[in-house]
Structures are given as C-alpha cells and as structure tokens.
S.K.: 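Can you keep this structure in mind? I'll have questions shortly.
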Amino acid sequence: TGRRLGYFHNAGYFELRGDDFDGIFYLVGQRDPLVLPPYVEMVKIDKLRRGEPSVDLVLSLTRRHLEQRPATNPIPRFRKRLEADMAWLAAAGEPAFHPYSFGTCRQLGATAALASSFLDWLDPRVTPDLAPAAGHFRQLSECAKALQFALARVVRGRQVDLGSTLATMEREWDRAIQLVSEAMAVVE
C-alpha cells in the first residue's frame with residue numbers, strides 16, 4: 001500500500017517508490033497489477049566467518065571449485081543450443097526473450113563478473129599474478145552483455161551475426177580458466 005519496494009542488487013541496496021514502483025507492477029493503461037514470478041538467489045550464512053578470511057582457506061575452496069569445473073569449455077555447447085533456439089526465440093518474441101536471456105546470458109555474465117571481482121580481491125594476496133585472468137573473466141562478462149543486446153535485436157526481427165561474440169566468449173573462458181588453473185597449481 002505504501003508503493004515502496006526495497007531490494008538488494010549486486011553490492012547495493014535500492015528502493016523503488018511511487019511511479020517507479022508502479023512501473024514494475026502495472027502495464028501502461030492497466031488497472032490490475034502484474035504477477036511477477038518469484039526470484040531469489042540463495043545466500044547461505046550459516047557458516048559465516050567474521051573478519052578477513054584466511055587466504056589459505058580461500059585457496060583451498062578455490063581449488064575445490066576448480067575441480068568441479070566442466071571438463072571442456074561450456075560456451076561451445078551454449079552456442080550450439082542457442083543456434084538451435086534462434087528460430088523459436090525470434091518467433092516467440094519478447095515474452096520468451098526475457099526469461100531466456102536471463103537464464104543464459106545474464107547468468108553467464110554475472111558469474112564471469114563475480115569471478116573477475118573475486119580474482120581482483122585475491123590477486124594482491126598471492127603470487128602469481130591473477131589480474132590477467134580477472135581481465136579475461138571481465139571481458140567474458142562484457143561479451144555476455146553484448147550477446148543479450150544482440151538477442152534482443154533478433155527478437156525484434158533483425159538479422160544479427162552472433163558468431164564473433166560467441167567466438168570471443170569461448171576464447172575468454174579458455175584463457176581465464178587456463179590462467180586460474182595454472183596459478184592455483186603453484187600458489188602457496
């Protein structure tokens with residue numbers, strides 16, 4: 001009733017009020033509110049540690065996560081699926097575009113950006129240098145954003161070449177993972 005919504009996004013807390021609030025719940029000219037599907041990302045705090053985490057613990061967890069990475073670059077598999085979905089996506093239009101791009105491009109980009117931020121944090125604490133790997137993850141994130149915009153143009157009926165963006169994404173993932181894997185093998 002107060003037409004106010006508070007939410008966390010990335011590292012910030014934001015609020016919608018008044019017309020901005022109405023804009024996410026009401027279509028122009030409609031009196032009935034939209035029903036937004038629920039969306040929550042889980043953050044587990046049951047094992048939260050206070051203060052600066054130990055670098056040894058962070059390196060141990062990083063190595064464990066690296067062991068769980070895909071055996072091969074996942075971008076070519078995504079590319080194959082995307083190419084198979086293009087005709088459907090173009091025909092389905094914007095109602096399909098938003099969940100599709102959110103579940104693919106946005107998640108890929110967000111994950112790469114998070115990896116980049118993590119490596120930026122870890123880099124000054126270890127040797128060898130992790131900045132190049134962070135840069136590759138950052139570029140992968142930017143490419144995922146560009147891909148999302150390109151898919152929006154496809155949905156609007158335009159012809160778009162996605163090949164170069166996807167090829168860059170494949171290279172950036174390979175380079176980032178290779179550098180991180182090599183660094184984690186020698187970091188003590």
Side-chain angles (χ1 to χ4, degrees), residues 8-12 38-86 88-89 97-152 161-188:
F8 292 98
H9 182 76
N10 293 333
Y39 176 76
V40 175
E41 290 184 12
M42 183 183 299
V43 177
K44 296 180 181 181
I45 61 171
D46 54 329
K47 295 181 182 176
L48 183 66
R49 300 176 196 281
R50 303 286 183 219
E52 183 78 7
S54 87
V55 172
D56 290 339
L57 174 63
V58 170
L59 292 173
S60 173
L61 291 170
T62 302
R63 287 185 182 104
R64 188 166 41 170
H65 284 287
L66 278 170
E67 290 170 2
Q68 298 172 23
R69 73 186 179 277
T72 60
N73 185 331
I75 307 296
R77 291 187 302 280
F78 170 58
R79 178 186 205 147
K80 184 177 179 180
R81 180 58 197 233
L82 178 61
E83 289 168 351
D85 289 345
M86 288 300 290
W88 165 81
L89 189 58
F97 163 75
H98 292 288
Y100 188 92
S101 67
F102 185 84
T104 57
C105 303
R106 289 278 304 273
Q107 295 304 310
L108 175 59
T111 302
L114 200 58
S116 178
S117 293
F118 167 69
L119 293 175
D120 286 340
W121 174 86
L122 186 58
D123 182 63
R125 294 164 172 81
V126 297
T127 301
D129 184 19
L130 293 171
H136 290 298
F137 277 122
R138 211 171 350 272
Q139 182 61 35
L140 176 56
S141 178
E142 290 299 314
C143 286
K145 188 184 306 182
L147 181 63
Q148 183 176 353
F149 289 131
L151 289 178
D161 175 27
L162 305 176
S164 63
T165 300
L166 288 162
T168 300
M169 291 170 72
E170 290 175 28
R171 281 192 310 274
E172 295 301 324
W173 192 90
D174 281 337
R175 290 173 180 161
I177 291 298
Q178 178 184 358
L179 290 170
V180 171
S181 298
E182 290 170 357
M184 288 300 112
V186 298
V187 168
E188 294 301 326

S.K.: Taking everything shown except Arg77 itself, do over 12 heavy atoms lie less than 6.0 Å from its CZ?
M.R.: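 Atom CZ in Arg77 is crowded, with more than 12 foreign heavy atoms closer than 6.0 Å.
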
S.K.: By the salt bridge (charged side-chain N to carboxylate O under 4.0 Å, His left out) test, which pairs, at least two apart or in different chains, include something from residues 133-142?
M.R.: Asp120-Arg138, Glu142-Lys145

S.K.: Output the distance between atom OG1 (Thr62) and atom CG (Leu57), rounded to the nearest 0.5 Å.
M.R.: 9.0 Å

S.K.: Of the non-hydrogen atoms in Leu66 and Ser181, which two are nearest, and what is the gap between them?
M.R.: CD2-OG, 4.1 Å

S.K.: Looking only at atom types and distance, does a side-chain atom of Ser116 sit under 3.5 Å from a main-chain N or O of Ala112, one as donor and one as acceptor?
M.R.: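 Pair absent, no side-chain N/O of Ser116 close to backbone of Ala112.
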
S.K.: Using modelled atom types and a 3.5 Å cut-off, is there a donor and acceptor pairing between side-chain atoms of Ser117 and backbone atoms of Ala113?
M.R.: yes

S.K.: Working to the nearest 0.5 Å, report the span between CD1 of Ile75 and OG1 of Thr165.
M.R.: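 Reported to 0.5 Å precision, the distance equals 12.0 Å.
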
S.K.: Under 4.0 Å between a side-chain nitrogen and a carboxylate oxygen: does that hold for Arg175 and Glu172?
M.R.: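 Salt bridge: yes.
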
S.K.: Quick one: does Arg64's side chain get under 4.5 Å of Ser60's, heavy atoms only?
M.R.: no

S.K.: Any luck finding a side-chain donor-acceptor pair between Thr168 and Arg171 under 3.5 Å?
M.R.: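 Looking only at side-chain atoms, Arg171 and Thr168 do form a donor-acceptor pair, the distance falling under 3.5 Å.
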
S.K.: Would the distance check show the side chain of Ser141 and the main-chain N or O of Phe137 forming a donor-acceptor pair, the cut-off being under 3.5 Å?
M.R.: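 No, Ser141 side chain to Phe137 backbone: no donor-acceptor pair under 3.5 Å.
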
S.K.: Check whether any side-chain heavy atom of Leu179 lies under 4.5 Å from a side-chain heavy atom of Leu130, and answer yes or no.
M.R.: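 No, side chains not in contact.
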
S.K.: Please report the shortest heavy-atom distance between Pro132 and Asp129, naming the atom on each side.
M.R.: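 In this case the closest contact between Pro132 and Asp129 is CD-OD2, 3.6 Å.
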
S.K.: What are the two closest heavy atoms between Gln148 and Ser101, and how far apart are they?
M.R.: NE2-OG, 3.6 Å

S.K.: Which is it for Arg81 and Thr104 under the side-chain contact (heavy atoms from CB on, under 4.5 Å) test, yes or no, and what are the steps along the way?
M.R.: CA-CA 11 Å; Arg81 180 58 197 233; Thr104 57; over 6 Å; no

S.K.: I need the Leu89 CG to Tyr100 OH distance, nearest 0.5 Å.
M.R.: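 OH of Tyr100 is found 6.5 Å from CG of Leu89.
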
S.K.: Please name all residues satisfying side-chain hydrogen bond (donor to acceptor under 3.5 Å, both in side chains) with Glu170, sequence neighbours left out, ordered by chain then number.
M.R.: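 Partners of Glu170 under the side-chain hydrogen bond (donor to acceptor under 3.5 Å, both in side chains) test: Arg79.
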
S.K.: Using a 4.5 Å cut-off on heavy atoms from C-beta on, say whether the side chain of Leu166 contacts that of Leu82.
M.R.: yes

S.K.: How many angstroms lie between atom CG of Asp174 and atom NE2 of His136, to the nearest 0.5 angstrom?
M.R.: 10.5 Å

S.K.: For the atom pair CH2 (Trp173) and CG (Leu140), what is the distance rounded to the nearest 0.5 Å?
M.R.: 9.5 Å

S.K.: Please examine the side chains of Leu147 and Phe78, heavy atoms only from C-beta on, and report whether any two atoms are closer than 4.5 Å.
M.R.: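 Contact flag for Phe78/Leu147 side chains = yes.
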
S.K.: Quick one: list whatever passes salt bridge (Lys or Arg N to Asp or Glu O under 4.0 Å) with Arg125, sequence neighbours left out.
M.R.: Glu52

S.K.: Do you know the tightest heavy-atom contact between Ala131 and Asp123?
M.R.: N-OD1, 3.2 Å

S.K.: Could you state the interatomic distance from CG (Leu114) to CG (Leu119), rounded to the nearest 0.5 Å?
M.R.: 10.0 Å

S.K.: Any idea which heavy atoms bring Val58 and Pro53 closest together, and the distance?
M.R.: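 Taking every non-hydrogen atom into account, CG2-CB, 4.0 Å.
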
